[in-house]
Each structure stands twice: as structure tokens, then as C-alpha cells.
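Below is a structure I'd like to ask you about.
Counting begins at 1 with the first residue of the sequence.
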Amino acid sequence: MNSKISRRDFLRVSTAGAAIVGAGSASAEPISRLPGRRGSERVELIATNCEMCFWRCGVLAEVKDGKVLKLQGNPNHPLTKGKLCARGNSGTQLLYDPDRLKYPQLRTGSRGAGQFKRASWDEALDQFAGKLKEIKQKYGPEAVALFPHGVGSGFFATLMKAYGTPNSAETAFAQCTGPRDVGYQLTFGRPVNSPEPVDLVESKLIVLIGSHIGENVFTSQVTAFSEGLSRGAKLLVVDPRFSTAASKANWWLPIKPGSDTALLLAWANVLITEDLYDKKFIEQYAIGFKELAAHVQGFTPEWAEALTNISAVQIRETARAMGAAKPAVALHPGRHVTWYGNDTQRARAMAILTALLGAYGRKGGIFLPTKLKQGRIPLPPMPDSEKGRADGGGDKYPLASEEAQGLTQGLVEATITATPYPIKAWIVYGENVLESIPQKQRTLEAIKQLDLLVVVDVLPNEQSDYADIVLPEATYLERYDPPAISTTSKPPFVAIRQPACEPMYESKPGWWIAKQMAKRLDLEAYFPWNDPDDHLRRLVTPMGVNMSELMSLGAVSFQGKPYIEDRAEEDGPLFPTQSGKIELYSTVLNDLHFDPMPVYQAPEPPPSGYLRLIYGRAPMHSFTRTENNAWLDDLMPENQVWVSTKNAALLKLAEGDPVALENQDGFRSDPIHVRVTERIRDDCAYMVHGFGAIAPKMRRANRHGASDTKLISRVALDPIMGGTGMRVNFVRLLTYEGKG
């Protein structure tokens, strides 16, 4: 299809730096099914939400004769209010990507060779179901593991629970947000969840610790951040790299990597010893203050200076700034927080600091979620597993609970070792296991042990070459997914994802694939709804939502109760901990024989001649998901490695020189070009995650840039919840020919 928006226009409105564009003023009238005009043409506007990343911004698709001409922000969406980033604007390039998976495929060659034959849906699903029945009979249902990601994964989660396996793991927990959510739940009784309920607009002081707002573009968060700054909020950024956010900061603290907890403890020391904390808030809502005060007594700014490379003067100055701004201090809890293996305790330190500032449930800090009366679809009881989970959650890692999203690396290890029992099949939905899970060599070793690997995806990424069955899913613009029901936004809302056009080629929506598999596995009772309209109706009707209005507007919002003073008894406890209060001293951790209050643990330093590898995001890409997108590839076709000016001079490297990165275990990257900069510490090298895919069938993405995942051959496991600390790898720079 020839797009109706030129690439020049796209580049004009979606610049790499800002990456946010508006879409007009909000309308009170239903707009989705009403025609609009695009020049001399009349178009239909269909409301849905985006999945170019997982923020799910509101989108209006301009459609004519079944073709999606253009995407724009939906002004009726209460969170994103008509704004859309570069990725959101480029969704048509995913829909009409010529490299898309087009029909079911069955492997004919060896694993990894990428040799397949075309199959019908009946043939592929019959083989899929037949193998699952065979594995269940031979090994038990636990021998199947699900690796899901994205809102549509719920259909497959239901299918596999009904099948009888407890083994499901999403990278979002062990590789991203798990330590944060566990640390805050231990302290306040609830996880942070997404979108993060940080009151950036009302804040007087925003604190970012390794959080790259403006680079990890989540549209509403960036606009709230910008609005908060424009309204006078001060900004404190702690980061070994001078990030985009740091360029806006009042204070940039270029911290020594791995010493963040020491800084947090020193800040707590200053707040308590100088009586800068919120005494009334702590007395009313917290327990364990006496223990905390005694605990941090020795963690002075002078103690932290030697560990963090931040002067004691700056530590005191920034702590006093927080004390002066309390309670309107927005200490962002972060998103990708799996760094050094002690990450739950660092999250605990951040949560405790938030409590000391009285900034939880208060304007300008972290606001409370609003309870909504969500619909539920009654299902038969799920079968219990006699063998339990294989990933170590709840056993080896006690706070990777059953409610958590599983430990991907735990399932990889169980597959390799057949301990505690054999895992013989993987089902991968919407997740790239070869790039999202660290220690890629272990993932490949595990795949070799499988009797069945099924990949359900939109694009032919590297993992699909190892699959036995490849099933082409419809893109987010062609399918229904469960509605986004957000309780951690202000205001809370429900938003729809509905098809803007019919699925292309032979692709099918995930709900259809799961429902068809349920029929073949005699599990139809777990899918008691008839079609997407029936499924949606059952979920939103109890909330008092009108279906027609929701499908027309795209989103419907509710009255929020974000602050403590808004709450009533029927809204539930303010702090659903064991004590009903904020727990500065954690009896849960103490009972599990962990430190009940955070302590500092120094990470291993880089070996001589090596730099610590750190990584991050770019505003126009979402990991490997967008690397094949024509418009986004034009904006950023490959990544670079940031090297300090001092190190570049020592290595005789100039801007743009090609190098290879070799890690401490001898793993070497594809070529990557050098960026020489003063914006990074001398002990670090930085690169954007998601490049360097080995995917010959993705013609734009294949081997563009270098993969950081290939260099993450070691992890430090968080003993509390099993997260994989990945900033424990080191690299040296070699000339591209490989000569030192």
C-alpha cells in the first residue's frame, strides 16, 4: 500500500528529540464511527489504542475502503489527550510491512535454519494441539511453558492454565519492573504497576534515579514531566550518563554505577538527623521509624561520598531540597530496574525515602490507585499442579509469588537441566526470548532440548527460525484485545482496542487462535464468550460503561481518588500491608531472613581495561519490535556506543569509528560506531538496547547495529524475587578487525 502521509511529513512531525505531536482539541461527541475529511476525501475514524510500545496511547485510525491511511492521537483518550509519539505515528508501517508473517508455517529443516513449509490454519493448529496432548500424556502438563507479553497474552494465559501448567513467565517481571513492584509492595502494601502513578504535574521537585524520561518515551509521562517543569518543578537526576532528562536538571549527580543505595541511605540520614522528614505523616501512617533512624545513623554523606563519587556537600544540598519541597516530591520508582542483583532493596530504599517525605498518596508525589468495579468472566476452576512451578518462584525466590509474572531465566534453566522436572515445550506470544532474556547462549541451549517450540508473532524475528510452528498474528490495528483498564492513572479509565481493518494475508487475532486451540484441547468451557463483542460487554458492563460510547470514543474515564484525603472506608485500606501501615522495617523480609531495612552492597568493579556496560532506550524505538519499521529505521537505523572523551583519546578512537565490543567472557558484538562524548563517566560504555538482530527475513533490522543482549552473558540474581541484574557485564573496545 502507498501511504497517504509522505516520509518527509513524518520526519517533520516526529523528530527524534521531541517525538510528540498533538492531534487537535478534545471533542465531547462520539467520533470513532463518524466520517471525517482528509483533503477532498471522506474517511472513517476508528478509535483504538497503540501497541508500538506497551503504553497503549489512544489512537484514531483514518480508514478509507478498508485501508488505514494515517494514524493520529485520540483527543478523547484521558491519559494521552491526542498526543502520539513517532512510534505511534508509524504504526501503518508495521501493518503494511512487506516482511510480515503471512501464513502458518511448519518447520522442515534443522532448528535455526529457517526452513519451513506453508500450512493451513487447520493443519498448524491440529499439529499444535496434537503435540500438546502427547507431551501432557508423557510428561504431564507442567512440561509446557508459556512466554507471553502484551495485553493479548491473557487469552493464552487462560488457555495454558486450563491445560494445567503453572509455568508462565513474562520478561516484564524478572527483567524489568519486578524488584520495583516487590519493594514498594513490601513498604506500602501495593506494587507500583503501570502507568506509574507519579504526580509529575503537581510536583515541586522531581527525582529521577536512572530513569530516562524523554528517551523511554511514554507519551503521557513525557507531557506530564514537561508540564511539571514548566510549572516550576525543580529536577534532580542521578545517572552515570548525562541523559536527555539530565540536560533539563537543576542537579545532575553522575553517580558511580551500583552505589545508588548508598546515596539513598545518606539522603535518609540527612532527612532524619536534620528533622527534614514529614514527622506528622510518619507518626500517623508508618511503623518502624525508630529502627530506621538507628539503622541510617552511620550512613552519613561523608560515608556515601567515597562510595558514590558524589560530594557530601551535594548530598546534603539535594537532601535539603527534597525536605523543603515535601510532600510534593515525585521520586520516580523507575521502570527497568534490574541492575545489580540487590534491586529489591534499592527499591525499598526509594520507597522509604518517599515515605519520609510524606510523598505517598499526596499531591505532587505518588498518588493512590482508584478502585474500579471491573467485570469478570466466570470460569471453571483451574486445575492444580501437583508438581508446582519450575522457575524457582515462591521457593528459591520467595517473593516471586504466584501472583507475579514468573521468572523467565528460571524456566530457561529448568529446560536445560530438567530440574525440578522436564520442560519439553515453549509457547512464545508477543515476546522475543532471544533478545529480551539475558544470557542468550543459555536460551539457545534450552531451545535445543525442546520437543515443541511455537511462536505466535507479527514479524519473523530470530526466534521464529528455531520454531516448529510459526503462527502469524494480526497486528494491533487488525484485532481485538482485552480493554485497557487503568486504575493507576488520574483519572482512571477503560480504553478499547478494536480492529481498524480486516487482518491481512492469513494472519489471525490472538483471541481466535487461543479459542481455536481450546476447542481442540477440550477446554472450550474456559472460553465461554462468543466473540470479541461478547467478551468486551462482560468486562465493561459492570463498570457502568456504555459499549457504543466506548467503541465510538475509544476511552471512558471515571472520577479518580488519587490522594489520601479523597479516600473513604469503602475504598479499602490506605496501606494494605500486614500492619495496615507503611512498613519502614519489613517484618516480611525479616521472617524470610533478609535484611528488614536496606543495606548497601558494592557491585563487582570492572576488570582492568574494561568499562561497565550500561544500556537504555531511544525515543523512536521499542527494542527489537520497531527495528524493521521503515519510518523509524530512517530516524535511527543503528545504535552507537558512547565512550568518554578521555577513553577515546586513550584508545585513539575518533567519532564514528567502527569497533567491536568484547565482554569479560569473550562474547563479541557486531560492528558498532563510536560516539565520543563528555556526557558519560570514564568507567562506563553505553548503548541503546534492541539493535543487532540476527533476522535475515527482517530486511531492515537484520544485523543493523550491535546487540547488547549478546554481551550480557552474566547476571546477578536478586535473592528476594529472582530478578536478573544485568549491569554486571563489562566490555572493551576493539577495532572492527578484532585487533586490540
Side-chain angles (χ1 to χ4, degrees), residues 101 103-106 119-170 375-385 405-406 423-431 451-458 467-474 476 478-483 497-499 503 506-539:
L101 292 169
Y103 42 78
Q105 300 175 69
L106 303 177
S120 69
W121 274 101
D122 281 340
E123 184 181 5
L125 295 180
D126 286 347
Q127 181 168 318
F128 185 4
K131 289 294 292 183
L132 287 182
K133 290 177 181 178
E134 178 184 316
I135 289 168
K136 188 174 189 176
Q137 183 176 18
K138 187 172 181 180
Y139 299 102
E142 298 88 352
V144 179
L146 174 66
F147 292 82
H149 203 207
V151 65
S153 65
F155 297 118
F156 289 87
T158 298
L159 177 70
M160 298 319 299
K161 286 178 184 176
Y163 173 82
T165 181
N167 292 315
S168 176
E170 183 175 338
R376 295 286 186 267
I377 298 176
L379 299 178
M382 293 293 180
D384 290 327
S385 168
Q405 296 165 316
I423 300 241
K424 306 305 292 183
W426 287 7
I427 300 168
V428 182
Y429 173 87
E431 179 175 328
D451 293 346
L452 177 67
L453 173 59
V454 178
V455 169
V456 184
D457 216 316
V458 174
D468 299 285
I469 303 171
V470 179
L471 301 178
E473 190 184 27
Y476 72 94
E478 303 163 301
R479 70 177 191 250
Y480 165 81
D481 278 339
R497 175 170 291 154
Q498 60 185 328
E506 295 179 23
S507 65
K508 296 287 187 182
W511 69 263
W512 182 90
I513 300 171
K515 200 166 169 59
Q516 287 290 314
M517 284 298 295
K519 185 185 299 183
R520 286 167 169 80
L521 295 170
D522 299 320
L523 299 173
E524 288 178 277
Y526 293 90
F527 290 79
W529 40 274
N530 300 318
D531 53 32
D533 283 351
D534 184 25
H535 185 267
L536 178 65
R537 184 179 299 106
R538 296 190 189 204
L539 293 178

d(I423 CD1, D451 CG) to nearest 0.5 Å is 12.0 Å

Parallel, tilted or perpendicular: rings of F155 and Y480 (30°, 60°)
tilted

By ring pair (Phe, Tyr, Trp, His ring centres under 6.0 Å), H149 pairs with (sequence neighbours left out) F54

Please report the interatomic distance NZ(K136) to CD(E142), rounded to the nearest 0.5 Å.
9.5 Å

With distance as the sole test, does Q105 use its side chain to make a donor-acceptor pair with the main-chain N or O of V470 at under 3.5 Å?
no

Counting C-beta onward and ignoring hydrogens, is there a side-chain heavy-atom pair between L452 and K424 closer than 4.5 Å?
no

Mark yes or no for whether R479, through its side chain, and A474, through its backbone, hold a donor-acceptor pair below 3.5 Å.
yes

Pairs involving residues 508-522, ordered by first then second residue, that meet salt bridge (charged side-chain N to carboxylate O under 4.0 Å, His left out) (sequence neighbours left out)
D122-R520, D126-R520

For A124 and L471, work out which heavy atoms get closest and say how close.
CB-CD2, 3.9 Å

I377 and P528 have their tightest heavy-atom pair at CG2-CG, 3.7 Å

Can you name the closest pair of heavy atoms from L106 and Q127 and give their distance?
CD1-OE1, 3.5 Å

Between F527 and H535, is any pair of side-chain heavy atoms under 4.5 Å apart?
no

Heavy atoms of P482 and V151 approach each other most closely as O-CG2, 3.6 Å

Residues 157-165 side chain polar contacts: donor-acceptor under 3.5 Å, at least two apart:
unit_1, atom_1, unit_2, atom_2, d
T158, OG1, G154, O, 3.1
Y163, OH, L132, O, 2.7
T165, OG1, V144, O, 2.6
T165, OG1, N167, N, 3.1

Minimum-distance pair of heavy atoms, taken over all atoms of A467 and V455:
CB-CG2, 3.8 Å

Under 4.0 Å between a side-chain nitrogen and a carboxylate oxygen: does that hold for R537 and D533?
no

Who are the ring pair (Phe, Tyr, Trp, His ring centres under 6.0 Å) partners of Y139, not counting sequence neighbours?
none

Kindly indicate whether the side chain of I469, heavy atoms from C-beta on, has any atom under 4.5 Å from the side chain of P104.
no

Could you list the residues that satisfy ring pair (Phe, Tyr, Trp, His ring centres under 6.0 Å) with F128, not counting sequence neighbours?
none

Spacing of OG belonging to S507 relative to OH belonging to Y103, to within rounding of 0.5 Å:
13.0 Å

Does the side chain of W121 reach to within under 4.5 Å of the side chain of P472, using non-hydrogen atoms?
yes

With side chains defined as the heavy atoms from C-beta onward, is the minimum distance between I513 and L125 less than 4.5 Å?
yes

Would you say that E431 contacts S153 through its side chain, given a criterion of any heavy-atom pair below 4.5 Å between the two side chains?
no

Compare every heavy atom of A525 with every heavy atom of P380, then report the nearest pair and how far apart it is.
CD-O, 3.4 Å

Within a strict 4.5 Å, meaning less than it, do heavy atoms of the L536 and W529 side chains meet?
no

Would you please name every residue forming a ring pair (Phe, Tyr, Trp, His ring centres under 6.0 Å) with Y429, sequence neighbours left out?
F156

